[in-house]
> 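One structure, as structure tokens, below. Some questions next.
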Amino acid sequence: MDIDVLFDKLAFAILYLAVAFVGLAIVVGVLVYFFKKDKFGDFKKYFIGIGAGMALCALTVLTYIKVESGIDKDSYGLVFYPVIAEIVIAVAGMFAMLICSLFNKKAVKIAGITTGVLLLGGFIAMMVEMSKYYDVLGNLSKGKDFSLAGLTVSAVIFMVLIAVIYFLGDKRNISDTRSIVYGAISIAMSFALSYIKLVELPQGGSITLASLLPLIIYCCMFGTRRGVIACLIYGVLQAIQDPFIIHPMQFLLDYPLAFGMIGVSGIFVEKGVFKFKGKMQRFNQMAGFVCGALIAVIGRYICHVLSGMFAFTSYGNVGAALAFSLGYNSFAFIDIAIVLGVGIILFLSRSFTAQMMKSSDIGKTVQTAPVDETHEVEEEDDGFVYLDDLKEQEKQTAPEDTDGENE
């Protein structure tokens, strides 16, 4: 069997396995919730751990097969391997933060900063290697196939915009462990669903079966800051699955930046913009989900349009390139329409909305006011057990020293 055919068949096999696993988890979860509710917290931890492990194994196997398929190291390999290196750094950093969070919550910040620095260095190296690749192809020397100035200015503008969106998000004081694990599962689920392509376009892009839904729900649950990071990682993954790259700046616009804009989808829920009362109160989250998704897809669409307009100016003048790009990239609205359809059905379920808000960080921002140290603040149980918590429990349950009384 051809190794590329093996890759495609294995990808679908993993997809079916993931769907079966999620279906089984839902059935077992419902049974546990109604008949053994006291064990539901343990069930969630096992389900999340197994799901994260399956996602990591699937990514490792698919990456290995892709590498073994014989990538030309002098051309496309200069793009593929740096992208893989970035993903490895992100996954390693994620696990480092998870391990740190089990011992000390503050150590997560150190691991996160270290991971961010490594990712930034790897990103710069990736841009250098990609520039070498396109110099090898001769695209840079020709200078006729695209407008480098237009691509660069557009990419810089959206970098700044995503940075602004990130800082508009609220800071959180809830478990980093839970948000990291949920983020990993959301990325894996979206990546798996992206393989179900209802329509695949010839020059990149496809209409999928609600592949962005897990990421958008994650943004609504854990806020804009974490959502932007998860969506940027997902955008890099998309460059591996369905690459159509003619220049590093076009790569940025079509992949990390375009999908990074999806991170804004949770800002309406995070800020509590909709405040319906009475019977309409249960539609607050749905309205925030819909409006956030629409704003996010507009940002993604503009990224794709600018990329197409400046990348294909050789097809004619700028006006013709813009018209072509506007029509070609309209697939993004069909893609988000499917997401909205499935998402609205989920949000109509009271149990789904209640469980989502219970597990989310919405409304639980960092307190900036001074805390009275004479009173202990009870933290919400996030379903995870920390080493610090165990030590505190041991101190509280340890028997008192009665030597003095015996004397």
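Keep in mind that what you see is a predicted model, and the values were worked out from it rather than measured.
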> State the CE-OG distance between M356 and S349, to the nearest 0.5 angstrom.
11.5 Å
> Work out which heavy atom in I216 is nearest to a heavy atom in A293; give both atom names and the distance.
CD1-CB, 4.1 Å
> Look up atom CE in M261 and atom CG in L161, then write down how far apart they are to the nearest 0.5 Å.
4.5 Å
> Any heavy-atom pair between the side chains of D254 and H304 that's under 4.5 Å?
yes
> Would you say the side chains of E270 and T224 form a donor-acceptor pair under 3.5 Å?
yes
> Find out whether S186 and M189 are in side-chain contact, i.e. whether some heavy atom of one side chain is under 4.5 Å from a heavy atom of the other.
no
> Run the numbers on M286 and F274 for side-chain contact (heavy atoms from CB on, under 4.5 Å), then give the verdict.
CA-CA 9 Å; M286 182 191 296; F274 297 96; over 6 Å; no
> Keeping S330 on the side-chain end and G327 on the backbone end, is there a donor-acceptor pair under 3.5 Å?
yes
> Would you call F331 and N329 a side-chain contact if the rule is heavy atoms closer than 4.5 Å?
yes
> Please find the pair of heavy atoms, one from K197 and one from S194, that lie closest to each other, and give the distance.
CG-O, 3.4 Å
> Taking atom CG of L212 and atom CG of L193, what is their separation to the nearest 0.5 Å?
9.5 Å
> Measuring from F259:CZ to I233:CD1, what's the distance to the nearest 0.5 Å?
14.5 Å
> Distance from Y301 atom OH to L306 atom CG, nearest 0.5 Å?
10.5 Å
> Can you give the donor-acceptor pairs under 3.5 Å from side chains of residues 20-32 to other protein atoms, not counting sequence neighbours?
none

> Does I302 form a side-chain contact (heavy atoms from CB on, under 4.5 Å) with F158? I'd like the steps, not just the answer.
CA-CA 10 Å; I302 295 173; F158 272 89; 3.5 Å; yes
> Which value, rounded to the nearest 0.5 Å, describes the distance between L198 atom CG and I334 atom CD1?
10.5 Å
> Of the non-hydrogen atoms in F276 and A287, which two are nearest, and what is the gap between them?
CE1-CB, 4.2 Å
> With no hydrogens and no angle check, is any side-chain donor or acceptor of Y218 less than 3.5 Å from a backbone partner on S179?
yes
> With sequence neighbours left out, which residue pairs that include part of residues 110-120 fulfil the side-chain hydrogen bond (donor to acceptor under 3.5 Å, both in side chains) condition?
none
> How close do C219 and C231 get, heavy atom to heavy atom, and via which atoms?
SG-SG, 4.0 Å
> Does any part of the side chain of F167, heavy atoms only, come nearer than 4.5 Å to the side chain of R225, both counted from C-beta?
yes
> State, yes or no, whether a side-chain contact exists between S211 and Y195 at a heavy-atom distance under 4.5 Å.
no
> Check S265 against C220 and note the closest heavy-atom contact, atom names and distance.
O-SG, 4.1 Å
> Which heavy atom in C303 sits nearest to a heavy atom in L253, and how many Å separate them?
CB-O, 3.5 Å
> Test L213 against F289 for side-chain contact (heavy atoms from CB on, under 4.5 Å), laying out the working first.
CA-CA 10 Å; L213 181 60; F289 162 78; 3.8 Å; yes
> If you define the side chain from C-beta out and look only at heavy atoms, does anything of I217 sit under 4.5 Å from F352?
yes
> Only distances under 3.5 Å count here; give the side-chain donor-acceptor pairs of residues 335-347 to other protein atoms, sequence neighbours excluded, each with its distance to 0.1 Å.
from, atom 1, to, atom 2, distance (Å)
D335, OD1, T208, N, 3.0
D335, OD1, T208, OG1, 3.1
D335, OD2, R300, NH1, 3.4

> Let's go through Y234 and I262 carefully: what are the C-alpha distance in whole Å and the side-chain angles of both, what is the deciding distance for side-chain contact (heavy atoms from CB on, under 4.5 Å) to 0.1 Å, and is it a yes or a no?
CA-CA 10 Å; Y234 176 76; I262 302 299; over 6 Å; no
